[in-house]
Amino acid sequence: MLFPLAPEGRVFVIISAWMAVISLLVGEAELGLFMVLLTVALMGLFRDLRRKAAAPALGVIAPADGTVEAIDETTDPFTGEPARRIRIRQRRLGEYNVHAPQESKVVERIWPGKETDSPPDAQLDHRLAFALATDEGTRLTLALSVNHWPRMIRLQNVVPGNRLGRGKRMGFAGFGATFEVWLPAGSQVMAQVGQKVLAGSTVIGGLPEASGDEEATVEVLE
């Protein structure tokens with residue numbers, strides 16, 4: 001495809017484009033022009049521009065385009081261990097593609113009220129959350145809000161047992177969600193509140209090596 005579109009939005013763009021063509025062919029110029037503009041708007045809404053993941057192997061990549069809203073010390077909602085949480089507010093005008101923060105395996109998925117009957121950690125209220133583990137056994141968590149409107153979330157293949165590539169596309173989540181990443185103790189936070197980040201490209205943190213040596217992490221990322 002000449003213009004990169006998210007798979008989740010292609011059907012909308014194709015239908016809109018066909019309706020534009022048909023409207024113009026039958027002489028409905030005003031409707032045809034409207035459908036052309038709608039097609040262009042949908043192409044912008046569902047764009048999926050190529051992102052290149054940064055080099056550091058231990059680097060944690062931003063999962064969404066947006067602005068860092070908060071950074072705090074808390075506990076990981078899955079492990080209960082001390083963690084650093086980075087909260088990112090997604091841009092209203094997208095892109096809305098979700099990218100994996102690290103090369104990892106999906107250990108657990110929680111979607112309160114939809115896939116989970118038992119109440120999860122309070123931090124995951126109104127969140128779709130994924131517990132992730134690297135090959136070295138380092139745990140981190142990714143969550144996104146599901147209580148905003150309008151929203152469209154398509155992350156069908158992100159299920160327990162599946163692997164994620166670092167910075168690779170996971171799916172689609174719009175429009176205006178909040179993303180949170182919990183990093184384990186010993187991790188380095190490389191983002192600042194107010195910083196604008198790009199999904200699949202901006203390094204927002206660094207995981208500790210298996211030994212938990214934070215100084216080693218800094219050396220790798222520099």
Please tell me if the side chains of Asp48 and Glu95 come closer than 4.5 Å, counting only heavy atoms from C-beta onward.
yes
Determine whether Val181 and Thr141 make a side-chain contact, defined as any pair of heavy atoms from C-beta on separated by less than 4.5 Å.
no
Please report the shortest heavy-atom distance between Ile204 and Ala62, naming the atom on each side.
CG2-CB, 3.9 Å
Honestly curious: do Phe12 and Ile15 fall in one hydrophobic cluster under the side-chain, below-4.5 Å linking rule?
yes
What's the spacing between Asn97 CG and Lys168 NZ if we round to 0.5 Å?
13.5 Å
Among the clusters formed by ILVMFWY side chains lying less than 4.5 Å apart, do Ile153 and Leu164 turn up in the same one?
yes
Decide side-chain contact (heavy atoms from CB on, under 4.5 Å) for Val98 and Phe172; before the verdict, give the C-alpha distance in whole Å, the side-chain angles of both, and the deciding distance to 0.1 Å.
CA-CA 6 Å; Val98 183; Phe172 186 93; 6.0 Å; no
Output field: ring centroids Tyr96/Phe46 closer than 6.0 Å
no
Pairs where residues 24-41 contributes a residue and the test side chain to side chain donor-acceptor pair (under 3.5 Å) is met, not counting sequence neighbours
Ser16-Thr39
For a quick test of reading the model, state the closest non-hydrogen atom pair linking Leu140 to Pro101 and the distance between them.
CD1-CG, 4.2 Å
OG1/Thr67 to CZ/Arg89 distance, rounded to the nearest 0.5 angstrom?
10.0 Å
Would Gln123 and Arg85 count as a side-chain hydrogen bond (donor to acceptor under 3.5 Å, both in side chains) if you check the C-alpha gap in whole Å, the side-chain angles of each, and the deciding distance to 0.1 Å?
CA-CA 11 Å; Gln123 297 179 91; Arg85 178 174 57 184; 3.3 Å; yes
Phe34, CZ: over 12 other non-hydrogen atoms inside 6.0 angstrom:
no
Under the side-chain hydrogen bond (donor to acceptor under 3.5 Å, both in side chains) criterion, do Arg51 and Ser201 qualify, and how do the steps go?
CA-CA 6 Å; Arg51 300 292 171 83; Ser201 180; over 6 Å; no
Check whether Arg109 reaches the backbone of Ala131 with its side chain - one donor and one acceptor, N or O, closer than 3.5 Å.
no
More than 12 non-hydrogen atoms from neighbouring residues, nucleotides or ligands closer than 6.0 Å to CG on Leu93, yes or no?
no
With a 3.5 Å distance limit and no angle check, can you tell me whether Gln188 reaches the backbone of Leu207 through a side-chain donor-acceptor pair?
no
When rounded to the nearest 0.5 angstrom, what distance separates CG in Leu128 from CH2 in Trp111?
5.5 Å
With rounding to the nearest 0.5 angstrom, report the CG to NE2 distance, Leu144 to His126.
13.5 Å
Under 4.0 Å between a side-chain nitrogen and a carboxylate oxygen: does that hold for Glu8 and Arg169?
yes
Is it true that a side-chain atom of Thr138 and a backbone atom of Thr134 form a donor plus acceptor pair closer than 3.5 Å?
no
State plainly whether one hydrophobic cluster holds both Leu25 and Ile14, where clusters connect Ile, Leu, Val, Met, Phe, Trp and Tyr through side-chain heavy atoms under 4.5 angstrom apart.
no
His99 side chain vs Gly167 backbone, donor-acceptor pair below 3.5 Å
yes
Using a strict 4.0 Å threshold on nitrogen-to-oxygen distance, state whether Glu81 and Arg139 make a salt bridge.
no
Same apolar cluster (I L V M F W Y, side chains within < 4.5 Å links), Val26/Leu24
no
Which atom pair, heavy atoms only, marks the closest approach of Pro184 to Pro208?
CG-CD, 4.1 Å
Side-chain heavy-atom pair Ser145, Arg127 within 4.5 angstrom cut-off:
yes
After noting the C-alpha distance and the side-chain angles of Arg47 and Leu45, does the key distance pass the side-chain contact (heavy atoms from CB on, under 4.5 Å) rule?
CA-CA 6 Å; Arg47 65 190 185 278; Leu45 197 65; over 6 Å; no
So which heavy atom on Leu155 is nearest to which on Gly171, and how close?
CD2-CA, 3.5 Å
Between the side chain of Asp121 and the main-chain N/O of Phe78, is any donor-acceptor distance below 3.5 Å?
no
Do you know the tightest heavy-atom contact between Pro56 and Arg166?
O-NH1, 3.0 Å
Before you tell me yes or no, could you show the steps for Leu132 and Val107 under side-chain contact (heavy atoms from CB on, under 4.5 Å), namely the whole-Å CA-CA distance, both residues' side-chain angles and the distance that decides it to 0.1 Å?
CA-CA 5 Å; Leu132 309 176; Val107 177; 6.0 Å; no
Shortest non-hydrogen contact between Glu103 and Arg163, atoms and distance:
OE2-NH2, 3.5 Å
Rounded to the nearest 0.5 Å, how far does CZ of Arg87 lie from CH2 of Trp182?
8.0 Å
For the backbone of Gln102 and the side chain of Ser104, can you confirm whether one donor and one acceptor N or O come within less than 3.5 Å of each other?
yes
Can you measure from OG1 (Thr178) to CG (Asn147) and round to the nearest 0.5 angstrom?
8.0 Å
Pair up each side-chain donor or acceptor in residues 192-199 with any protein partner under 3.5 Å, not counting sequence neighbours, and list the distances.
from, atom 1, to, atom 2, distance (Å)
Gln195, OE1, Gln192, N, 3.0

Shared hydrophobic cluster, Leu38 / Phe3 (ILVMFWY, side-chain heavy atoms < 4.5 Å)
yes
Hey, mind stepping through Leu5 and Met43 against side-chain contact (heavy atoms from CB on, under 4.5 Å) and telling me if it holds?
CA-CA 7 Å; Leu5 288 173; Met43 291 175 67; 4.2 Å; yes
Are side-chain heavy atoms of Val60 and Val203 found at a separation under 4.5 Å?
no
